[in-house]
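A short worksheet on the structure shown next.
This structure is a prediction, so every number in the text was calculated from the model and none was measured. Below, read A as the first sequence line, B as the second, and so on, with proteins coming before strands; counting in each chain starts at 1.
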Amino acid sequence: MIDGRMVREQADLLREGVRRRGSLDKFGSLIDRAEQLDRERRATIQKVEERKAARNTASQEVARKKKAGENADELMASARELGADIARLETELAASQGEFDSILYELPNVTLSEVPEGDASHNTVVSTWGEPRAAGSVKPHWEVAEALGLLDLPRGAKISGSGFIVYRNRGAHLQRALMNFLLDLHTREFGYEETQVPLFVNRDSMTGTGQLPKFEEDMYALRDDAFFAIPTSEVPVTNLFRDEILDGATLPIALTAFSQCFRREAGAAGKDTRGLLRLHQFEKVELVRFTTPEDSPAQLELLTSHAEQALVRLGLPHRRLLLAAGDTGFSNAKTFDLEVFAPGVGTWLEVSSCSSYTDFQARRANIRYRPAPGEKPRHVHTLNGSGLGFPRVVASILEHYQNADSSVTVPEVLRPYFGADVIR
RNA sequence: GGACAGGUGGCCGAGUGGUUGAAGGCACCGGUCUCGAAAACCGGCGUACCGGCAACGGUACCGUGAGUUCGAAUCUCACCCUGUCCGCCA
(Lines give C-alpha, C1' and ligand atoms only; values in the text may rest on other atoms or scores of the structure.)
Protein backbone atom coordinates (compact mmCIF):
# COMPACT_ATOMS: atom_id res chain seq x y z
CA MET A 1 0.00 0.00 0.00
CA ILE A 2 1.01 3.56 -0.32
CA ASP A 3 2.29 5.42 2.72
CA GLY A 4 -0.55 6.82 4.82
CA ARG A 5 1.53 9.93 5.42
CA MET A 6 1.33 10.69 1.70
CA VAL A 7 -2.36 11.40 2.18
CA ARG A 8 -1.52 14.20 4.55
CA GLU A 9 1.71 15.48 3.09
CA GLN A 10 1.61 14.69 -0.62
CA ALA A 11 -1.97 14.14 -1.65
CA ASP A 12 -1.22 16.00 -4.87
CA LEU A 13 1.39 13.38 -5.74
CA LEU A 14 -1.16 10.64 -5.17
CA ARG A 15 -3.64 12.38 -7.45
CA GLU A 16 -0.96 12.82 -10.09
CA GLY A 17 -0.15 9.12 -9.75
CA VAL A 18 -3.69 7.93 -10.42
CA ARG A 19 -4.12 10.54 -13.15
CA ARG A 20 -1.12 9.10 -14.98
CA ARG A 21 -2.78 5.70 -14.74
CA GLY A 22 -5.86 7.25 -16.28
CA SER A 23 -7.95 6.52 -13.19
CA LEU A 24 -8.31 9.89 -11.50
CA ASP A 25 -12.07 9.62 -11.92
CA LYS A 26 -12.03 6.34 -10.10
CA PHE A 27 -9.73 7.27 -7.23
CA GLY A 28 -9.92 11.05 -6.94
CA SER A 29 -12.86 11.09 -4.59
CA LEU A 30 -11.33 8.28 -2.54
CA ILE A 31 -8.27 10.41 -1.98
CA ASP A 32 -10.47 13.34 -0.94
CA ARG A 33 -12.23 11.07 1.50
CA ALA A 34 -8.92 9.77 2.85
CA GLU A 35 -7.77 13.30 3.57
CA GLN A 36 -10.92 13.98 5.52
CA LEU A 37 -10.67 10.71 7.44
CA ASP A 38 -7.05 11.41 8.27
CA ARG A 39 -8.01 14.67 9.93
CA GLU A 40 -10.84 12.98 11.81
CA ARG A 41 -8.81 10.11 13.06
CA ARG A 42 -5.95 12.25 14.26
CA ALA A 43 -8.32 14.49 16.19
CA THR A 44 -9.89 11.43 17.80
CA ILE A 45 -6.52 9.89 18.58
CA GLN A 46 -5.60 13.00 20.50
CA LYS A 47 -8.80 12.88 22.51
CA VAL A 48 -8.44 9.18 23.28
CA GLU A 49 -4.84 9.43 24.31
CA GLU A 50 -5.47 12.43 26.48
CA ARG A 51 -8.09 10.48 28.41
CA LYS A 52 -5.95 7.40 28.59
CA ALA A 53 -3.17 9.46 30.10
CA ALA A 54 -5.62 10.77 32.68
CA ARG A 55 -6.80 7.27 33.47
CA ASN A 56 -3.26 6.00 33.85
CA THR A 57 -2.51 8.77 36.30
CA ALA A 58 -5.69 8.01 38.24
CA SER A 59 -4.90 4.30 38.35
CA GLN A 60 -1.51 4.95 39.78
CA GLU A 61 -3.06 7.22 42.34
CA VAL A 62 -5.48 4.44 43.28
CA ALA A 63 -2.55 2.13 43.79
CA ARG A 64 -0.78 4.68 45.96
CA LYS A 65 -3.87 5.33 48.09
CA LYS A 66 -4.61 1.67 48.59
CA LYS A 67 -1.06 1.04 49.61
CA ALA A 68 -1.34 3.87 52.10
CA GLY A 69 -4.63 2.45 53.38
CA GLU A 70 -6.66 5.41 52.15
CA ASN A 71 -10.08 5.25 50.53
CA ALA A 72 -9.99 5.34 46.73
CA ASP A 73 -13.66 4.76 45.89
CA GLU A 74 -14.26 8.23 44.53
CA LEU A 75 -11.20 8.14 42.35
CA MET A 76 -12.14 4.71 41.04
CA ALA A 77 -15.58 5.95 40.12
CA SER A 78 -14.24 8.86 38.11
CA ALA A 79 -11.73 6.60 36.41
CA ARG A 80 -14.58 4.30 35.50
CA GLU A 81 -16.31 7.19 33.76
CA LEU A 82 -13.13 8.01 31.90
CA GLY A 83 -13.12 4.40 30.77
CA ALA A 84 -16.61 4.71 29.32
CA ASP A 85 -15.56 7.86 27.52
CA ILE A 86 -12.52 6.09 26.12
CA ALA A 87 -14.61 3.17 24.90
CA ARG A 88 -16.93 5.54 23.06
CA LEU A 89 -14.06 7.44 21.44
CA GLU A 90 -12.32 4.23 20.47
CA THR A 91 -15.39 3.04 18.62
CA GLU A 92 -15.37 6.33 16.77
CA LEU A 93 -11.66 5.98 16.06
CA ALA A 94 -11.99 2.42 14.81
CA ALA A 95 -14.57 3.58 12.29
CA SER A 96 -12.50 6.35 10.74
CA GLN A 97 -9.25 4.40 11.03
CA GLY A 98 -10.86 1.36 9.43
CA GLU A 99 -12.20 3.29 6.49
CA PHE A 100 -8.91 5.15 6.11
CA ASP A 101 -6.97 1.87 6.05
CA SER A 102 -9.30 0.25 3.56
CA ILE A 103 -8.82 3.18 1.22
CA LEU A 104 -5.06 2.84 1.54
CA TYR A 105 -5.39 -0.82 0.55
CA GLU A 106 -7.44 0.18 -2.48
CA LEU A 107 -5.06 2.78 -3.90
CA PRO A 108 -2.57 1.64 -6.55
CA ASN A 109 1.15 2.22 -6.34
CA VAL A 110 2.53 5.46 -7.76
CA THR A 111 4.45 4.72 -10.94
CA LEU A 112 7.98 6.04 -11.43
CA SER A 113 8.46 9.22 -13.43
CA GLU A 114 9.99 7.46 -16.45
CA VAL A 115 6.86 5.35 -16.89
CA PRO A 116 4.81 6.76 -19.78
CA GLU A 117 1.35 8.10 -19.02
CA GLY A 118 -1.78 6.53 -20.39
CA ASP A 119 -3.16 3.12 -21.26
CA ALA A 120 -1.63 0.08 -22.93
CA SER A 121 -1.48 1.85 -26.28
CA HIS A 122 1.36 3.89 -24.76
CA ASN A 123 3.47 0.84 -23.95
CA THR A 124 6.82 1.25 -25.62
CA VAL A 125 9.11 -1.34 -27.13
CA VAL A 126 12.49 -0.83 -25.49
CA SER A 127 14.44 -3.47 -27.36
CA THR A 128 14.06 -6.53 -29.53
CA TRP A 129 16.23 -9.61 -29.93
CA GLY A 130 16.34 -12.22 -32.64
CA GLU A 131 14.64 -12.76 -35.98
CA PRO A 132 11.00 -13.77 -35.65
CA ARG A 133 9.70 -16.15 -38.28
CA ALA A 134 6.88 -14.85 -40.44
CA ALA A 135 3.49 -15.00 -38.81
CA GLY A 136 1.47 -17.89 -40.16
CA SER A 137 4.50 -19.62 -41.68
CA VAL A 138 4.19 -22.53 -39.24
CA LYS A 139 1.42 -24.46 -37.52
CA PRO A 140 0.10 -23.21 -34.20
CA HIS A 141 1.60 -25.07 -31.25
CA TRP A 142 -1.60 -26.90 -30.35
CA GLU A 143 -1.56 -28.66 -33.68
CA VAL A 144 2.05 -29.85 -33.49
CA ALA A 145 1.66 -30.67 -29.80
CA GLU A 146 -1.24 -32.92 -30.58
CA ALA A 147 0.50 -34.46 -33.57
CA LEU A 148 3.58 -35.18 -31.48
CA GLY A 149 1.57 -36.46 -28.52
CA LEU A 150 2.92 -33.85 -26.13
CA LEU A 151 -0.41 -32.72 -24.73
CA ASP A 152 -3.65 -34.39 -23.78
CA LEU A 153 -6.15 -31.56 -23.70
CA PRO A 154 -9.38 -33.58 -23.65
CA ARG A 155 -8.26 -35.61 -20.66
CA GLY A 156 -7.10 -32.48 -18.84
CA ALA A 157 -10.58 -31.11 -19.31
CA LYS A 158 -12.10 -34.38 -18.15
CA ILE A 159 -10.19 -34.73 -14.91
CA SER A 160 -10.32 -31.04 -13.99
CA GLY A 161 -11.80 -28.70 -16.56
CA SER A 162 -10.79 -26.43 -19.36
CA GLY A 163 -7.56 -24.63 -18.68
CA PHE A 164 -5.99 -27.66 -17.03
CA ILE A 165 -3.37 -29.40 -19.09
CA VAL A 166 -2.00 -32.92 -19.15
CA TYR A 167 1.52 -33.14 -20.50
CA ARG A 168 2.55 -36.55 -21.78
CA ASN A 169 5.72 -38.21 -22.92
CA ARG A 170 8.07 -35.72 -24.55
CA GLY A 171 5.75 -32.92 -23.50
CA ALA A 172 6.17 -33.71 -19.81
CA HIS A 173 9.84 -34.28 -20.39
CA LEU A 174 10.23 -30.88 -22.04
CA GLN A 175 8.66 -29.23 -19.00
CA ARG A 176 11.15 -30.93 -16.71
CA ALA A 177 14.05 -29.95 -18.96
CA LEU A 178 12.91 -26.37 -18.94
CA MET A 179 12.63 -26.34 -15.17
CA ASN A 180 16.11 -27.71 -14.68
CA PHE A 181 17.65 -25.42 -17.27
CA LEU A 182 16.06 -22.30 -15.78
CA LEU A 183 16.84 -23.13 -12.16
CA ASP A 184 20.42 -23.99 -13.03
CA LEU A 185 20.81 -20.78 -14.99
CA HIS A 186 19.50 -18.55 -12.23
CA THR A 187 21.24 -20.27 -9.35
CA ARG A 188 24.60 -21.12 -10.89
CA GLU A 189 25.12 -18.16 -13.16
CA PHE A 190 23.09 -15.37 -11.64
CA GLY A 191 23.47 -16.20 -7.95
CA TYR A 192 19.86 -16.79 -6.90
CA GLU A 193 19.12 -18.96 -3.91
CA GLU A 194 16.79 -21.80 -4.88
CA THR A 195 13.69 -22.26 -2.74
CA GLN A 196 10.67 -24.50 -2.62
CA VAL A 197 7.65 -22.94 -1.04
CA PRO A 198 4.05 -23.75 -0.09
CA LEU A 199 1.48 -23.55 -2.88
CA PHE A 200 -1.26 -22.68 -0.40
CA VAL A 201 -0.86 -19.55 1.65
CA ASN A 202 -2.92 -17.69 4.23
CA ARG A 203 -4.78 -14.43 3.88
CA ASP A 204 -2.00 -12.37 5.45
CA SER A 205 0.42 -13.49 2.77
CA MET A 206 -2.01 -12.72 -0.03
CA THR A 207 -2.56 -9.30 1.47
CA GLY A 208 1.15 -8.72 1.94
CA THR A 209 1.94 -8.97 -1.76
CA GLY A 210 -1.18 -7.10 -2.85
CA GLN A 211 -3.45 -9.83 -4.27
CA LEU A 212 -5.95 -9.22 -1.48
CA PRO A 213 -8.26 -7.62 -0.70
CA LYS A 214 -8.71 -6.30 -4.22
CA PHE A 215 -8.37 -9.38 -6.39
CA GLU A 216 -9.99 -12.07 -4.31
CA GLU A 217 -12.15 -13.29 -7.19
CA ASP A 218 -9.00 -14.14 -9.15
CA MET A 219 -7.79 -16.60 -6.50
CA TYR A 220 -8.66 -20.19 -5.86
CA ALA A 221 -9.67 -20.61 -2.23
CA LEU A 222 -10.00 -23.84 -0.29
CA ARG A 223 -13.39 -24.68 1.10
CA ASP A 224 -12.51 -25.99 4.53
CA ASP A 225 -9.29 -24.19 5.33
CA ALA A 226 -8.34 -20.54 5.20
CA PHE A 227 -5.88 -20.99 2.37
CA PHE A 228 -5.55 -19.60 -1.12
CA ALA A 229 -3.77 -21.31 -3.98
CA ILE A 230 -0.89 -19.12 -5.08
CA PRO A 231 -1.22 -17.31 -8.43
CA THR A 232 2.58 -17.02 -8.49
CA SER A 233 5.39 -18.02 -6.14
CA GLU A 234 6.05 -14.31 -5.76
CA VAL A 235 3.50 -14.56 -2.98
CA PRO A 236 5.15 -17.13 -0.70
CA VAL A 237 8.69 -16.07 -1.61
CA THR A 238 8.14 -12.38 -0.92
CA ASN A 239 6.26 -13.19 2.27
CA LEU A 240 9.22 -15.20 3.51
CA PHE A 241 10.40 -12.06 5.26
CA ARG A 242 7.04 -10.64 6.25
CA ASP A 243 7.20 -8.85 9.62
CA GLU A 244 10.96 -9.09 9.71
CA ILE A 245 13.81 -6.64 9.94
CA LEU A 246 16.62 -7.78 7.68
CA ASP A 247 20.27 -7.00 8.19
CA GLY A 248 21.18 -4.40 5.57
CA ALA A 249 24.45 -6.19 4.89
CA THR A 250 22.52 -9.16 3.47
CA LEU A 251 20.93 -7.06 0.70
CA PRO A 252 20.29 -7.54 -2.08
CA ILE A 253 18.65 -10.90 -1.45
CA ALA A 254 17.91 -12.89 -4.61
CA LEU A 255 15.60 -15.89 -4.49
CA THR A 256 14.22 -18.14 -7.17
CA ALA A 257 11.48 -20.75 -7.02
CA PHE A 258 9.84 -23.19 -9.37
CA SER A 259 6.16 -23.62 -8.68
CA GLN A 260 2.80 -24.38 -10.05
CA CYS A 261 0.62 -21.28 -10.30
CA PHE A 262 -3.16 -21.18 -10.04
CA ARG A 263 -5.34 -18.51 -11.56
CA ARG A 264 -9.09 -18.41 -11.90
CA GLU A 265 -8.80 -15.95 -14.78
CA ALA A 266 -12.20 -14.62 -13.83
CA GLY A 267 -13.41 -12.28 -16.51
CA ALA A 268 -10.92 -13.58 -19.04
CA ALA A 269 -13.17 -16.36 -20.33
CA GLY A 270 -12.93 -16.75 -24.08
CA LYS A 271 -9.70 -14.78 -24.43
CA ASP A 272 -6.58 -16.54 -25.68
CA THR A 273 -8.07 -19.83 -24.70
CA ARG A 274 -6.50 -22.06 -27.28
CA GLY A 275 -3.65 -24.37 -26.52
CA LEU A 276 -1.16 -23.13 -23.98
CA LEU A 277 -2.02 -19.46 -24.08
CA ARG A 278 -4.05 -19.08 -20.90
CA LEU A 279 -4.33 -21.76 -18.25
CA HIS A 280 -5.73 -22.11 -14.76
CA GLN A 281 -2.67 -23.99 -13.66
CA PHE A 282 0.80 -23.49 -15.07
CA GLU A 283 4.46 -23.78 -14.21
CA LYS A 284 6.79 -20.90 -13.60
CA VAL A 285 10.25 -20.15 -12.33
CA GLU A 286 10.06 -16.91 -10.40
CA LEU A 287 12.79 -14.43 -9.55
CA VAL A 288 12.44 -12.26 -6.45
CA ARG A 289 14.83 -9.61 -5.16
CA PHE A 290 14.86 -7.57 -1.95
CA THR A 291 16.92 -4.42 -2.04
CA THR A 292 17.45 -0.90 -0.77
CA PRO A 293 15.48 2.01 -2.25
CA GLU A 294 18.72 3.46 -3.64
CA ASP A 295 19.66 0.26 -5.43
CA SER A 296 16.24 -0.75 -6.66
CA PRO A 297 16.38 0.82 -10.16
CA ALA A 298 19.61 -1.05 -10.88
CA GLN A 299 18.12 -4.20 -9.39
CA LEU A 300 15.14 -4.02 -11.74
CA GLU A 301 17.48 -3.79 -14.69
CA LEU A 302 19.48 -6.73 -13.37
CA LEU A 303 16.45 -8.90 -12.75
CA THR A 304 15.00 -8.11 -16.16
CA SER A 305 18.30 -8.95 -17.81
CA HIS A 306 18.27 -12.37 -16.11
CA ALA A 307 14.86 -13.17 -17.54
CA GLU A 308 15.96 -11.88 -20.94
CA GLN A 309 19.09 -13.96 -20.80
CA ALA A 310 16.96 -17.07 -20.34
CA LEU A 311 15.21 -16.23 -23.63
CA VAL A 312 18.51 -15.51 -25.34
CA ARG A 313 19.90 -18.89 -24.27
CA LEU A 314 16.76 -20.57 -25.55
CA GLY A 315 17.24 -18.71 -28.80
CA LEU A 316 13.69 -17.35 -28.83
CA PRO A 317 13.10 -14.01 -30.57
CA HIS A 318 11.69 -11.60 -28.02
CA ARG A 319 11.23 -7.97 -27.13
CA ARG A 320 11.12 -5.84 -24.01
CA LEU A 321 8.21 -3.50 -23.37
CA LEU A 322 8.06 -0.69 -20.87
CA LEU A 323 4.46 -0.67 -19.73
CA ALA A 324 2.57 2.60 -19.62
CA ALA A 325 1.19 3.69 -16.25
CA GLY A 326 -2.33 2.58 -17.10
CA ASP A 327 -1.16 -0.93 -17.98
CA THR A 328 1.15 -1.25 -14.99
CA GLY A 329 -0.16 -3.55 -12.30
CA PHE A 330 -1.89 -2.29 -9.19
CA SER A 331 1.08 -2.92 -6.90
CA ASN A 332 3.81 -2.03 -9.38
CA ALA A 333 5.78 1.16 -9.81
CA LYS A 334 7.42 0.11 -13.06
CA THR A 335 7.09 -2.97 -15.22
CA PHE A 336 8.96 -4.42 -18.16
CA ASP A 337 7.08 -7.13 -20.03
CA LEU A 338 9.09 -9.64 -22.02
CA GLU A 339 7.30 -11.10 -24.99
CA VAL A 340 8.34 -13.94 -27.25
CA PHE A 341 7.11 -14.24 -30.77
CA ALA A 342 4.92 -17.22 -31.62
CA PRO A 343 4.82 -17.40 -35.41
CA GLY A 344 2.13 -20.09 -35.44
CA VAL A 345 -0.27 -18.06 -33.35
CA GLY A 346 1.07 -14.98 -35.07
CA THR A 347 1.41 -12.83 -31.95
CA TRP A 348 3.79 -11.77 -29.24
CA LEU A 349 3.23 -13.65 -25.99
CA GLU A 350 4.07 -12.30 -22.55
CA VAL A 351 6.40 -14.74 -20.82
CA SER A 352 7.73 -12.52 -18.08
CA SER A 353 6.65 -9.40 -16.28
CA CYS A 354 9.53 -7.83 -14.38
CA SER A 355 8.49 -5.22 -11.88
CA SER A 356 9.64 -2.95 -9.15
CA TYR A 357 7.11 -2.63 -6.36
CA THR A 358 9.18 0.05 -4.64
CA ASP A 359 8.09 -0.11 -0.98
CA PHE A 360 4.44 -0.90 -1.78
CA GLN A 361 4.63 -4.59 -0.87
CA ALA A 362 7.21 -4.04 1.85
CA ARG A 363 4.86 -1.65 3.60
CA ARG A 364 1.94 -4.05 3.38
CA ALA A 365 4.02 -7.04 4.37
CA ASN A 366 6.08 -5.05 6.86
CA ILE A 367 9.45 -6.07 5.46
CA ARG A 368 12.24 -3.79 6.62
CA TYR A 369 15.99 -3.70 6.85
CA ARG A 370 18.43 -2.04 9.17
CA PRO A 371 20.97 -0.17 7.01
CA ALA A 372 23.66 -0.48 9.68
CA PRO A 373 23.72 -1.55 13.33
CA GLY A 374 22.03 1.06 15.47
CA GLU A 375 20.24 2.74 12.57
CA LYS A 376 16.49 2.99 12.07
CA PRO A 377 14.78 0.25 10.05
CA ARG A 378 13.54 1.21 6.59
CA HIS A 379 11.22 -0.58 4.22
CA VAL A 380 12.99 -2.65 1.58
CA HIS A 381 12.11 -2.46 -2.08
CA THR A 382 10.81 -5.67 -3.59
CA LEU A 383 11.13 -6.74 -7.20
CA ASN A 384 10.12 -9.81 -9.08
CA GLY A 385 9.61 -11.28 -12.49
CA SER A 386 9.12 -14.59 -14.18
CA GLY A 387 12.20 -16.27 -15.33
CA LEU A 388 10.18 -17.70 -17.10
CA GLY A 389 6.56 -18.79 -17.39
CA PHE A 390 6.49 -22.21 -19.06
CA PRO A 391 3.41 -22.65 -21.26
CA ARG A 392 4.01 -19.74 -23.57
CA VAL A 393 7.72 -20.52 -23.78
CA VAL A 394 6.79 -24.05 -24.79
CA ALA A 395 4.31 -22.67 -27.31
CA SER A 396 7.00 -20.45 -28.74
CA ILE A 397 9.50 -23.32 -28.90
CA LEU A 398 6.98 -25.52 -30.70
CA GLU A 399 6.43 -22.81 -33.26
CA HIS A 400 9.79 -21.11 -33.63
CA TYR A 401 11.72 -24.40 -33.78
CA GLN A 402 9.13 -26.16 -35.90
CA ASN A 403 10.48 -27.97 -38.95
CA ALA A 404 8.79 -28.49 -42.31
CA ASP A 405 7.88 -32.07 -41.36
CA SER A 406 6.22 -30.78 -38.17
CA SER A 407 9.00 -32.14 -36.02
CA VAL A 408 10.51 -29.70 -33.53
CA THR A 409 14.17 -29.05 -32.99
CA VAL A 410 15.07 -28.88 -29.31
CA PRO A 411 16.84 -25.63 -28.33
CA GLU A 412 20.48 -26.39 -27.81
CA VAL A 413 20.59 -25.42 -24.14
CA LEU A 414 17.80 -27.86 -23.35
CA ARG A 415 19.39 -30.87 -25.05
CA PRO A 416 21.53 -31.95 -22.10
CA TYR A 417 18.39 -31.89 -19.98
CA PHE A 418 16.10 -33.35 -22.62
CA GLY A 419 18.33 -36.07 -24.03
CA ALA A 420 17.38 -35.60 -27.67
CA ASP A 421 17.89 -33.07 -30.45
CA VAL A 422 14.55 -33.32 -32.12
CA ILE A 423 11.00 -34.12 -31.09
CA ARG A 424 9.36 -36.11 -33.82
C1' G B 1 -8.04 -35.94 15.57
C1' G B 2 -6.98 -36.57 21.30
C1' A B 3 -3.88 -35.40 25.77
C1' C B 4 -0.24 -32.49 27.99
C1' A B 5 3.40 -28.40 27.83
C1' G B 6 4.51 -23.78 25.92
C1' G B 7 4.37 -18.92 22.94
C1' U B 8 7.84 -12.33 26.64
C1' G B 9 12.38 -7.26 23.28
C1' G B 10 17.67 -9.10 17.60
C1' C B 11 18.61 -13.88 20.59
C1' C B 12 18.33 -16.52 25.48
C1' G B 13 15.49 -15.84 29.74
C1' A B 14 12.88 -13.83 34.62
C1' G B 15 8.34 -12.15 35.74
C1' U B 16 0.77 -14.75 38.26
C1' G B 17 -3.30 -7.89 39.11
C1' G B 18 -0.47 -1.84 40.65
C1' U B 19 5.67 3.12 39.25
C1' U B 20 7.22 -3.59 34.40
C1' G B 21 8.54 -1.09 28.21
C1' A B 22 9.30 -5.12 31.04
C1' A B 23 15.06 -8.11 35.86
C1' G B 24 19.42 -10.71 34.21
C1' G B 25 22.53 -12.50 30.27
C1' C B 26 24.18 -12.51 25.08
C1' A B 27 24.63 -9.65 20.76
C1' C B 28 25.20 -4.65 19.04
C1' C B 29 26.90 0.82 19.37
C1' G B 30 30.02 4.68 21.95
C1' G B 31 33.93 5.39 25.53
C1' U B 32 38.10 4.20 29.15
C1' C B 33 42.39 1.05 29.08
C1' U B 34 46.09 -0.86 25.02
C1' C B 35 51.25 -0.02 20.17
C1' G B 36 46.84 -2.71 18.48
C1' A B 37 43.38 -6.44 19.82
C1' A B 38 41.18 -9.37 23.64
C1' A B 39 39.62 -9.09 28.61
C1' A B 40 37.79 -5.76 32.20
C1' C B 41 35.09 -1.43 33.39
C1' C B 42 31.56 2.87 32.24
C1' G B 43 27.50 4.47 29.26
C1' G B 44 23.91 3.53 25.48
C1' C B 45 20.79 0.19 23.03
C1' G B 46 12.82 -1.84 20.77
C1' U B 47 8.82 -0.64 17.33
C1' A B 48 4.63 2.12 15.77
C1' C B 49 1.37 6.11 16.16
C1' C B 50 -0.25 11.30 17.94
C1' G B 51 1.41 16.35 19.19
C1' G B 52 5.83 19.60 18.62
C1' C B 53 10.58 23.43 14.21
C1' A B 54 13.09 20.90 17.93
C1' A B 55 14.33 19.42 22.78
C1' C B 56 10.69 16.57 24.30
C1' G B 57 5.78 14.91 25.87
C1' G B 58 1.86 11.31 25.30
C1' U B 59 -0.38 6.55 23.74
C1' A B 60 -0.04 1.51 22.34
C1' C B 61 2.54 -3.09 21.88
C1' C B 62 4.72 -9.51 26.26
C1' G B 63 1.20 -15.25 19.80
C1' U B 64 -3.91 -13.03 17.81
C1' G B 65 -8.78 -11.26 19.08
C1' A B 66 -12.51 -10.38 22.65
C1' G B 67 -13.67 -9.83 28.01
C1' U B 68 -13.20 -8.79 33.61
C1' U B 69 -10.98 -4.51 36.42
C1' C B 70 -9.87 2.10 38.59
C1' G B 71 -5.55 -0.73 36.65
C1' A B 72 -3.75 -6.88 32.79
C1' A B 73 2.54 -9.67 30.40
C1' U B 74 -0.02 -11.47 34.79
C1' C B 75 -7.24 -13.39 35.52
C1' U B 76 -11.42 -15.38 31.81
C1' C B 77 -12.99 -17.04 26.82
C1' A B 78 -12.07 -18.12 21.65
C1' C B 79 -8.61 -18.81 17.93
C1' C B 80 -3.53 -19.47 15.77
C1' C B 81 1.27 -21.51 16.15
C1' U B 82 5.33 -24.65 18.33
C1' G B 83 6.99 -29.01 21.15
C1' U B 84 6.08 -33.98 23.30
C1' C B 85 3.12 -38.40 23.58
C1' C B 86 -1.12 -41.31 21.54
C1' G B 87 -4.25 -42.36 17.30
C1' C B 88 -4.78 -42.09 11.96
C1' C B 89 -2.69 -41.57 7.12
C1' A B 90 1.28 -40.88 3.30
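- Screening residues 200-225 of chain A for ring-ring contact (aromatic ring centres under 6.0 Å, His included), with sequence neighbours left out, gives A/F215-A/F330.
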Sugar-phosphate or base contact per nucleotide [nucleotides 47-61 of chain B; S, B, -; heavy atom under 4.0 Å]: SSSSS------BBS-

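- Using P as the reference atom, B/rG24 and B/rC42 are 13 Å apart when rounded to the nearest Å.
- Salt-bridge annotation for A/R64 and A/E61: present, with a side-chain N of the basic residue lying under 4.0 Å from a carboxylate O of the acidic one.
- Separating the P atom of B/rU68 from that of B/rG57 is a span of 33 Å, rounded to the nearest Å.
- One atom, OH of A/Y369, and another, C1' of B/rG10, lie 18 Å apart when rounded to the nearest Å.
- Residue pairs that meet the salt bridge (Lys or Arg N to Asp or Glu O under 4.0 Å) test with at least one member in residues 179-198 of chain A, sequence neighbours left out, are A/D184-A/R188, A/E189-A/R313.
- Within residues 288-295 of chain A, no residue has any heavy atom closer than 4.0 Å to RNA chain B.
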Derivation and outcome, side chain to side chain contact (heavy atoms under 4.5 Å, CB included), residues A/V410 and A/I423: CA-CA 7 Å; A/V410 176; A/I423 310 174; 3.8 Å; yes

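- Inspection of the A/D101 and A/Q97 side chains reveals an N or O donor paired with an N or O acceptor under 3.5 Å.
- The separation of B/rC41 from B/rU82, taken at their C1' atoms, amounts to 41 Å, rounded to a whole angstrom.
- A salt bridge is defined here as a Lys NZ or Arg NE, NH1 or NH2 lying under 4.0 Å from an Asp or Glu carboxylate O, and A/R203 with A/E216 meets this definition.
- Qualifying salt bridge (charged side-chain N to carboxylate O under 4.0 Å, His left out) partners for A/R42, counting only residues two or more places apart in sequence or in other chains: A/D38.
- Taking 4.0 Å as the cut-off between side-chain N and carboxylate O, A/D85 and A/R88 count as a salt-bridged pair.
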Working for side chain to side chain donor-acceptor pair (under 3.5 Å), residues A/Q361 and A/R364: CA-CA 5 Å; A/Q361 286 182 329; A/R364 285 177 163 241; over 6 Å; no

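- One finds a salt bridge joining A/R19 and A/E16 here, because a Lys/Arg side-chain nitrogen approaches an Asp/Glu carboxylate oxygen to under 4.0 Å.
- Taking 4.0 Å as the cut-off between side-chain N and carboxylate O, A/E35 and A/R8 do not count as a salt-bridged pair.
- Taking atom C1' in both B/rC53 and B/rA39, one finds a spacing of 46 Å when rounded to whole Å.
- B/rC61 sits 41 Å from B/rC88 when the C1' atoms are compared, rounded to a whole Å.
- Counting only Watson-Crick and G-U wobble pairs whose two key distances fall under 3.5 Å, RNA chain B forms stems of three or more stacked pairs at B:1-7 with B:80-86, B:10-12 with B:24-26, B:28-32 with B:40-44, B:46-51 with B:56-61, B:63-67 with B:75-79.
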Using a cut-off of under 3.5 Å, enumerate the N/O to N/O pairs linking the protein to nucleotides 16-22 of chain B.
{"from": "B/rG18", "atom 1": "N2", "to": "A/S59", "atom 2": "O", "distance (Å)": "3.0"}

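- When the ring pair (Phe, Tyr, Trp, His ring centres under 6.0 Å) test is applied to A/F241, the partners found at least two apart in sequence or on another chain are A/F290.
- For the C1' atoms, the distance linking B/rU16 with B/rG71 amounts to 15 Å, nearest Å.
- A gap of 16 Å separates the P atoms of B/rA73 and B/rU8, to the nearest Å.
- For the pair A/R80 CZ and B/rU68 P, the interatomic distance rounds to 12 Å; values are reported in whole Å.
- A donor-acceptor contact under 3.5 angstrom links the side chains of A/E40 and A/Q36, judged on distance only.
- A gap of 10 Å separates the C1' atoms of B/rA27 and B/rC12, to the nearest Å.
- Residue pairs meeting the ring-ring contact (aromatic ring centres under 6.0 Å, His included) criterion with at least one partner in residues 371-391 of chain A, sequence neighbours excluded, are A/F258-A/F390.
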Listing, residues 21-31 of chain A side-chain donor-acceptor contacts under 3.5 Å, not counting sequence neighbours, or none:
{"from": "A/R21", "atom 1": "NE", "to": "A/N109", "atom 2": "O", "distance (Å)": "3.1"}
{"from": "A/R21", "atom 1": "NH1", "to": "A/T328", "atom 2": "O", "distance (Å)": "2.7"}
{"from": "A/R21", "atom 1": "NH1", "to": "A/G329", "atom 2": "O", "distance (Å)": "3.3"}
{"from": "A/R21", "atom 1": "NH2", "to": "A/N109", "atom 2": "O", "distance (Å)": "3.1"}
{"from": "A/R21", "atom 1": "NH2", "to": "A/G329", "atom 2": "O", "distance (Å)": "3.1"}
{"from": "A/R21", "atom 1": "NH2", "to": "A/N332", "atom 2": "O", "distance (Å)": "2.9"}
{"from": "A/S23", "atom 1": "OG", "to": "A/V18", "atom 2": "O", "distance (Å)": "3.4"}

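- The stretch residues 296-308 of chain A participates, sequence neighbours left out, in these salt bridge (Lys or Arg N to Asp or Glu O under 4.0 Å) pairs: A/E301-A/R320, A/E308-A/R320.
- Heavy-atom distances under 4.0 Å link RNA chain B to no residue of residues 85-105 of chain A.
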